[in-house]
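The structure appears below as structure tokens.
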Amino acid sequence: MLTLRTYEAAAKGRLPGPVWDFLAGGSGTESMLTAGREALDRIRLRPRCLVDVSRCDPGTELLGARLAAPLGIAPMAYHRLADPEGEVATARAAGKAGALLTVSMFASRTLEDIAAAASGPLWLQLYWLKRRDLLVDLVHRAEAAGFRALVLTVDAPRVASRPRDAANGFAVPPGIRAVNLSSEVMAASHGSRDGESAIARHSMEQFDASITWDDLAWLRELTSLPLVLKGVLTAEDAELAVKHGVSGLIVSNHGGRQLDFARSAPECLPEIVAAVDGRCQVVLDGGIRHGADIAKALCMGADAVLTGRPALWGLSHSGAEGVAGVLRLLIDEFEEVMALMGAPTVADFGPSGVTLPTCRHT
């Protein structure tokens, strides 16, 4: 398995069609599935020569946690769709690779089981549910299990229309469920109907679309864990996030599964980095498929990157070993780029290391 494409092809061949479509599909016209990848491909690296790169150290810190490389796994629901061990296997692999794992609130294994299998840092991702008591329970359980941060997804007041899921009448299969929430709350995600996504129906029923910046104070008062916002794509919202005391931002297009025709996350990264001006950490999530993408993100000011679907490709291929293989491949590629860029440490990547595409305005 020499490239991520081989893992992708293997996963597509192993998974049932509706499950593959759920994992791989996007919203609307699916224009955003390739937008991040295309944006990263337009960025070119500017290497320096005659630098001592006999030893390259890809290690870094993110919100106080030491990582083997500036790399983590993005939050994704229901890992048991890809492997019977689900998030427990993913946690073992992330720990083995020294990478961050962001656990979805819709994980198919308990927070406690995931934490027991982990040897690396864990963050817990949340959607804001109408039932705030459920959020309180999850936050307290995450604290007790040793999670390091909370990640609030802010780009999904509702799940966008995803044509593949609607065409398949997709619902979470029997035997797999979001075990950290009650069956009653998750019931709608299991009811298959022709021409309709149960995932979208569940979000309309359970997500609180009325929350505003003022509500963040309530969440922050629940816990001493750092709060990270996922899905911020503008300088205006980045500035507001800092004013409301967040510790980090994840610049993300939700894997191309929310707002169609938006700017891609890599395109938004520079303005968000400029807006926060070092006052919080910034992570890029979108289209990461090669170690060079990590280098590009660092040069544009990100502190780390997250990868999503490739982790599930690896998981479906060979469980924990497959996920570890995906992460190791990205880290090995990044170390090679470090040497060829003349950048022996993460701190050596900066704005001079990339040429960004020129914006044309008509």
Side-chain angles (χ1 to χ4, degrees), residues 1-27 30 32-38 40 71-97 99-104 106-109 114 117 125 162-165 167-178 189 197-199 252-257 285-291 293-294 305-333:
M1 307 297 284
L2 298 178
T3 69
L4 292 190
R5 288 183 180 179
T6 56
Y7 281 103
E8 181 180 17
K12 187 174 183 180
R14 289 169 183 261
L15 296 172
V19 171
W20 173 257
D21 283 344
F22 171 65
L23 299 179
S27 62
E30 297 195 334
M32 299 307 298
L33 289 181
T34 58
R37 182 67 258 155
E38 291 165 357
L40 285 167
L71 175 65
I73 297 175
M76 296 172 290
Y78 305 112
H79 287 208
R80 288 192 62 221
L81 290 172
D83 180 81
E85 280 199 299
E87 290 82 1
V88 165
T90 310
R92 285 205 309 271
K96 181 177 180 180
L100 166 73
L101 172 59
T102 312
V103 178
S104 168
F106 298 134
S108 50
R109 297 296 301 269
I114 296 167
Q125 176 269 344
R162 300 171 187 170
R164 295 196 214 186
D165 290 349
N168 292 325
F170 182 79
V172 181
I176 297 174
R177 71 178 190 88
S189 63
S197 163
I199 304 299
S252 171
N253 283 110
H254 210 110
R257 295 154 73 81
D285 166 36
I288 303 299
R289 298 292 184 269
H290 192 279
D293 300 330
I294 303 174
V305 305
L306 301 181
T307 189
R309 291 181 178 93
L312 294 184
W313 301 341
L315 186 64
S316 69
H317 177 266
S318 49
E321 288 302 313
V323 180
V326 165
L327 296 173
R328 188 70 255 167
L329 184 60
L330 288 169
I331 294 172
D332 286 348
E333 290 172 348

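All of these numbers come straight from a predicted model, not from anything done at the bench.
Under the 3.5 Å distance criterion, the side-chain polar atoms of Arg37 are matched with a main-chain donor or acceptor of Gly287. Between the Arg257 side chain and the Arg162 main chain, no donor and acceptor come within less than 3.5 Å of each other. No donor-acceptor distance shorter than 3.5 angstrom exists from the side chain of Asp332 to the backbone of Leu329, with no hydrogens or angles considered. Side-chain N or O atoms of Glu87 include one that pairs as donor or acceptor with a backbone N or O of Ser108 at under 3.5 Å.
Of all heavy-atom pairs between Ala93 and Leu327, the closest is O-CD1, 4.0 Å. The minimum heavy-atom distance linking Ser27 with Pro163 is given by the pair C-CD, 4.2 Å. The shortest non-hydrogen separation linking Ala178 to Phe106 is CB-CA, 3.8 Å. Shortest non-hydrogen contact noted between Leu81 and Pro173 is CD2-CD, 3.6 Å. For Thr102 against Leu100, the heavy-atom pair with the smallest separation is OG1-CD2, 4.0 Å. Closest heavy-atom contact between Val326 and Pro310: CG2-O, 3.4 Å.
More than 12 non-hydrogen atoms from other residues, nucleotides or ligands lie less than 6.0 angstrom from CZ of Arg14.
Atoms CG and CZ, on Leu40 and Arg289 in that order, are 9.5 Å from each other to the nearest 0.5 Å. Between the CG atom of Asn253 and the CG atom of Asp285 there is a distance of 8.5 Å, given to the nearest 0.5 Å. Interatomic distance, CG of Leu330 versus CD1 of Ile288, reported as 8.5 Å (0.5 Å rounding).
Annotation: side chain of Arg309 is not in contact with side chain of Leu4 (no heavy-atom distance under 4.5 Å). A 4.5 Å side-chain heavy-atom check between Leu71 and Val305 finds at least one atom pair inside the cut-off. With a 4.5 Å cut-off on side-chain heavy atoms, Asp83 and Thr90 do not count as touching. At a threshold of 4.5 Å between non-hydrogen side-chain atoms, the residues Val88 and His79 do not count as touching. A 4.5 Å side-chain heavy-atom check between Ser104 and Gln125 finds at least one atom pair inside the cut-off. Contact annotation: the side chain of Val172 approaches that of Tyr78 to within less than 4.5 Å [non-hydrogen atoms, C-beta and beyond].
Annotation: side-chain hydrogen bond (donor to acceptor under 3.5 Å, both in side chains) contacts of Ser197 (sequence neighbours excluded): none. Judged as a side-chain hydrogen bond (donor to acceptor under 3.5 Å, both in side chains), and not counting sequence neighbours, the contacts of Glu30 are Arg164.
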When the side chains of residues 312-323 are checked against the rest of the protein, which donor-acceptor pairs come out under 3.5 Å, sequence neighbours left out?
residue: Ser316; atom: OG; partner: Leu312; partner atom: O; Å: 3.4
residue: Ser316; atom: OG; partner: Trp313; partner atom: O; Å: 2.9
residue: Ser318; atom: OG; partner: Gly322; partner atom: N; Å: 3.1
residue: Glu321; atom: OE1; partner: Lys96; partner atom: NZ; Å: 3.4
residue: Glu321; atom: OE2; partner: Lys96; partner atom: NZ; Å: 3.4

